[in-house]
Structure formats: C-alpha cells, structure tokens
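As structure tokens, the structure follows; a few thoughts come after it.
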Number of protein chains: 2
Amino acid sequence: MGAKRGLDAQTIMNAAAELAEQKGLENISLLQVADKLGVKSPSLYNHLNGVQELSIGIAKLAVSRLENAIRCAAVGRSKGEALMGIATAYRKYAKENPELYKAILRFPDYKDDNVQEAGHAVVRILYQVMEPYHYSEKETIHFVRGFRAALHGFVSLEEAGFFRGTSADVNESYDQLVDRLISSLTDRRES
Amino acid sequence: MGAKRGLDAQTIMNAAAELAEQKGLENISLLQVADKLGVKSPSLYNHLNGVQELSIGIAKLAVSRLENAIRCAAVGRSKGEALMGIATAYRKYAKENPELYKAILRFPDYKDDNVQEAGHAVVRILYQVMEPYHYSEKETIHFVRGFRAALHGFVSLEEAGFFRGTSADVNESYDQLVDRLISSLTDRRES
DNA sequence: GTTATAAACTAATTAGATTAGTTTGTCAAT
DNA sequence: ATTGACAAACTAATCTAATTAGTTTATAAC
C-alpha cells in the first residue's frame, strides 16, 4: 500500500498550523494532523521527533509570519509613524491568527539556535526603527522591551477576554497605550 | 477499603497548584494529583467535573493570590507610588509563581460568573488607585487596560525567556516602562 | 441498629504518543 | 531494463491519561 514520498516537515507544519487555528492550539494531536494529511500518525515520525518538534515548528511558523507582517508595516515609515504601524500590524496579526499567536509564547524555552534566532527577528525590526532616535544601545533595548511587552500584553489580554467586561472602545485603549509609549520617546528627544 | 471523606475541592486545587509549580502547568494530570492525595483518579470526579474544572480551580487560586499581593502593595500609597508598588508586586508574584501565573491567562474563556468575578479583582484595585486622578470613567478604563497590559506583557515575555539575549538590566527595563506610563498620567493632569 | 448517601473503589473504554519491526515505492548504478 | 539500497510509509503493540459505569463502604441521621 504505502504510497511513498508524499510528506515533508514543512507540509506537516502547515497542516498543523491550519488545524491549530481551527481547533485550538491545545487540541491538536499527531493523530489529527496525520488524518488531515491522509497518513497514519507513526509516519510523521519520519519527519519529526515527536510532538514537541511539532510545537517548535508551529512556533517558528508563527514567528516568521508575524515578523513578515510587521516588517511590511514598517517599510516607508520612520520613528513614531513606523512604531504605530508596527503596533497596528502586530495586533492585526494576533487577531487574525489567535492560536498561532499563542504558539509564539511557549517556545523560547526550546534551546534550538534556529528557534532563538527566529525569536529575535521581531526585535531586530524594532531596533532598526529606533535608529533615527539615536538612543544609546542600552536605552534602545529598554524601550524596545517595554514596547514589545505592551503590544504583547495588550493583544494577549484582549484575546483571553479580559477586556470584555467594560464597554469602552478597545481600539481606543490600544491607541492610547501605544501613544503614551511613543510620546515618552519623542518627549525625551526634545528635552 | 474506601477510606471515606478525606477530600474536598479546595484540597484538590491546593495539591494541583503545588504540583503545577513543581512540574509545570502543562504536565499535571488527574493521575498525579490523585497520587499526591493518596486516592485513585476517578475519585476526584466526586469533587470536580473533569480536568477543565481543575484548570478553572487553579486559575481562580492564582488570581486570588495575585489580587491579594497587589492589594497589599497598594495600601497606604496613592497615585504614582501606588501604581509603582502594584507593578513591583505584580512582577514579584509572577516571578515567584511562574506556573500559577500562566494559569491566569487561560481562563476568562470559561463562562463561569464566579471566575469572571475573580478575573476583575485585579482591575478593581487599579480603579481604586486611579480615583485620585479624577479621570473620567472611560479614560480610567483606557489607562487601566494599558497599564495592566504592560505589566502582563513584560512579565510574561520575561518568563518566556524573550529578554535573555541582551545584557541590559531587566529590572531597569521594567522600571522605565512603568515610569513612562505613570508619567503619561501625571503629565496629563498638569496640562 | 438500620439505612441512605456521599465518597471512595475497581474495571473498562477511549484518545493520544511513541517504539519496534515490516513492507514498499523510487532512485541510481549498472 | 534489473536490481539493490534506502527512505517513507505501514501495522502492531505499549504506555499514559481522561473519563464513565457500576460496586462497595463508612458515616451521619434517625
């Protein structure tokens, strides 16, 4: 029977990512991924070493798509405008791919250089955008950490449903948060 | 055999929380919780309806402890000082209880009034602290959402290991972030 | 003391991950 | 064109975990 050579790791990751977005990150199994691909679950072991590698693969996929989205948002813009564009793209990505977005969080643990590398991609774009401000390296790092934390915190609390109780416009809350941080930057420059 | 009446839901949650902190939130099972309590896993079903209720229980526990920690941090302080105290206590809690902290995120989904209630506890303290600023209700909500998002985002990226690559002091990054937000508040008042 | 019941138990089913060992296409060298 | 090696699929089996059904037993109320 065995129809040969149908699969590779990338195909598996794509199928898994799609399944994750449909059924939730927690609810995917090798069994279901294999089903979706028309093979038996042990066959997947020819291309990956168990379910943890599946998680890593999904996380890499998620990060590289996020990186792409925010890179696009930054081109042709600078300083505050670029940061605002990145913030908007970041939240848009998280809203459109909530399960993939969650996958990003649970992965720097994996001590895989390749993965570490991917994890820094988002930050590297922010460093580039920060260049025109001429901050010191340390000051840049501090700001970028905070900025990214704010974006991540907001979108993940939003997705988790923490902002549902109150009526105030969530877009407005996000804009205000991002504005506060960007303003704190320009204020410093002008002082 | 059956030794009777040893358990209740609270005892189970406490054991589960302890186990979660030891072995990781993902790695706890009813089997292990039951073992730790000296019973068989089906016995747990007399006190809860499956593994999801265990998650809910752990989450409630985690939130109520967090609420307690930040409430203590706020007493006797006001405005910026109170917000800074809360920020410090928030991060301290997350660092000391990383697994419990993670549990908080995956729970507002559960449509349980009791849980929703607990989820708002942290925010309610922030509303109280904001009162002296005399912001409108909507403005208060916007700020509180952003503030909380920043705290959450920072501690969860930190715990996930996203700040490991660079050498800059992480405490300093956090202080700067919180300062930026608090300053943006007082600036507004003074304008 | 008897009895009802809650709380424990055992046994069995299901889903999932993983390993071992087997089969079968495909490709490359003859 | 044939064949032999290997990669990639397979089946079978094991293990862990959740969950359900049905049974037993301690205790509290009478």
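By convention in this document, chain letters (A, B, ...) are assigned in the order of the sequence lines, proteins followed by strands, and residues within each chain are numbered from 1.
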Item to check | Check: B:Y127 ring centre within less than 6.0 Å of B:Y135 ring centre | outcome: no

Checklist entry - Which pair of non-hydrogen atoms, one from B:I12 and one from B:H47, has the smallest distance, and what is that distance? => result CD1-CB, 3.7 Å

Checklist entry - Taking NZ, NE, NH1 and NH2 as the nitrogens, is one of them in B:E158 or B:K95 under 4.0 Å from a carboxylate oxygen of the other? => result yes

Checklist entry - In whole angstroms, how far is the C1' atom of C:dG16 from the CG atom of A:D35? => result 12 Å

Checklist entry - Rounded to the nearest Å, what distance is computed from the CG atom of residue B:L48 to the P atom of nucleotide C:dA8? => result 11 Å

Checklist entry - Among C:dC9, D:dC10, C:dA8, which is the nearest nucleotide to the side chain of A:V39? => result D:dC10

Checklist entry - Rounded to whole angstroms, how far apart are NZ on B:K40 and C1' on D:dG22? => result 18 Å

Checklist entry - Under 4.0 Å between a Lys/Arg side-chain N and an Asp/Glu carboxylate O for A:K36 and A:E18? => result yes

Checklist entry - Do B:L83 and B:K79 touch side chain to side chain, with heavy atoms closer than 4.5 Å? => result no

Please list, pair by pair, any protein nitrogen or oxygen found under 3.5 Å from a nitrogen or oxygen in nucleotides 15-19 of chain D.
from	atom 1	to	atom 2	distance (Å)
D:dA18	OP1	B:L30	N	3.4
D:dA18	OP2	B:L30	N	2.8
D:dA18	OP2	B:L31	N	3.3
D:dT19	OP2	B:Y45	OH	2.7
D:dT19	OP2	B:V51	N	2.8
D:dT19	O5'	B:Y45	OH	3.0

Checklist entry - Taking only N and O in the side chain of B:H47, is any of them less than 4.0 Å away from OP1 or OP2 of C:dA8? => result yes

Next on the checklist: So, does B:S43 get its side chain near the phosphate of C:dA7, meaning an N or O under 4.0 Å from OP1 or OP2?
Outcome noted: no

Checklist entry - Taking atom types as they are modelled, is there a donor-acceptor pair under 3.5 Å from the base of D:dA7 to the side chain of A:N46? => result no

Next on the checklist: Without decimals, in angstroms, what is the distance between B:L37 CG and C:dC9 C1'?
Outcome noted: 16 Å

Checklist entry - Using the ring of each side chain (for Trp, its six-membered ring), is B:Y174 parallel, tilted or perpendicular to B:F154, with breaks at 30° and 60°? => result tilted

